[in-house]
Amino acid sequence: MRNKLVLAAALAACASLPALAQQDFSKVEIKTEKLAEGVWMLTGAGGNIGLSAGADGVFMIDSQYAPLTDKIRAAIAGLSPRPVRFLFNTHWHGDHVGGNENLGKTGVVIVAQENVRKRMSTEQFIKMFNMKEPPSPAAALPLVTFVDSISFHVNGDDVEAFHVPPAHTDGDAIVYFRKANVLHMGDTFFNGMYPFVDLSSGGTIAGMIGACDRGLSMGDASTRVIPGHGPSGNKADLKAFRDMLVSSRDAIAPLVKAGKTLDEVKALKPTATLDEKWGKGFVKPDVWATLLYTDLSGNK
Ligand SMILES: [Zn+2]
């Protein structure tokens, strides 16, 4: 039972769950943090929102949950009198696309990597949690999709989104505001905690490491980095996360190779030296070990 709760908590970080329908969104407050001139991070519940506001209107990255749309609109109105014109989705999970339908209905153009639209268009199943996600309504779907990359020229900046090979899912994009020097990593970066990796959606630990390397190749020491979950950070935080992923993989891969069972691996507490710093988020050490074992043993 306890294990089940842990798993549910891990999943709640990244995909909508029936339990979330009962979450009391009335208590959620949307906070805005200015990261650069004209660029903010918004937090509430669900994935962190990135925002550019200026003469061309509002360009928004991810939409959290549907019940929060009015509060998010109110927070945006406090930053800019102009309307939201574009909504970019970093991936398909419900805590990042839950507000899509509300915004899409008002004419906001939704943009994402093509695998995001594919997965949102059909029922999804996450094996690890035995969880089904129904197809999204038409208004929630991206109107514009891309394969490898897409550029937006808004508010005096060049905003570039890059698809990274399967990492947290198979449709992740990271978004870089070139002039503002702000990077949104989506759920390829959980700042200060173990991440959820959606193996059923094509995610892999190797891809997570690759996505971090891609992010680390951009910007400089003063780049502000928006994670999918956790506080805003910088490239040193992203590097620490990337190094944790490598250490975790290297701790569990030899045990998988030696033929240990999942229970044996968990009993060995292979990530013990990392758990104090990284194991206090949604994904607890046992869940993290299970994710890695499942990925590295090829038993997805
Ligand atoms: Zn996610």
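Each ligand, and each atom within it, is numbered from 1 in the order the structure gives. As a basis for the values below, the full set of heavy atoms in this structure was taken, side chains included, without hydrogen atoms, waters or symmetry mates.
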In Asp187, which N, O or S atom comes closest to the Zn ion (ligand 1)? OD2
Which of parallel (below 30°), tilted (30 to 60°) and perpendicular (above 60°) describes Phe196 and His168? perpendicular
Would you call the rings of Phe190 and His229 parallel, tilted or perpendicular, where under 30° means parallel and over 60° means perpendicular? tilted
Give a yes/no answer: is there an N/O/S atom of His168 under 2.8 Å from the Zn ion (ligand 1)? yes
Atom name of the N, O or S atom in His93 that lies nearest to the Zn ion (ligand 1): ND1
Taking the side chain as everything from C-beta on, heavy atoms only, tell me whether Val147 gets closer than 4.5 Å to Glu114. yes
What do you reckon, is CD of Glu123 surrounded by more than 12 foreign heavy atoms closer than 6.0 Å? yes
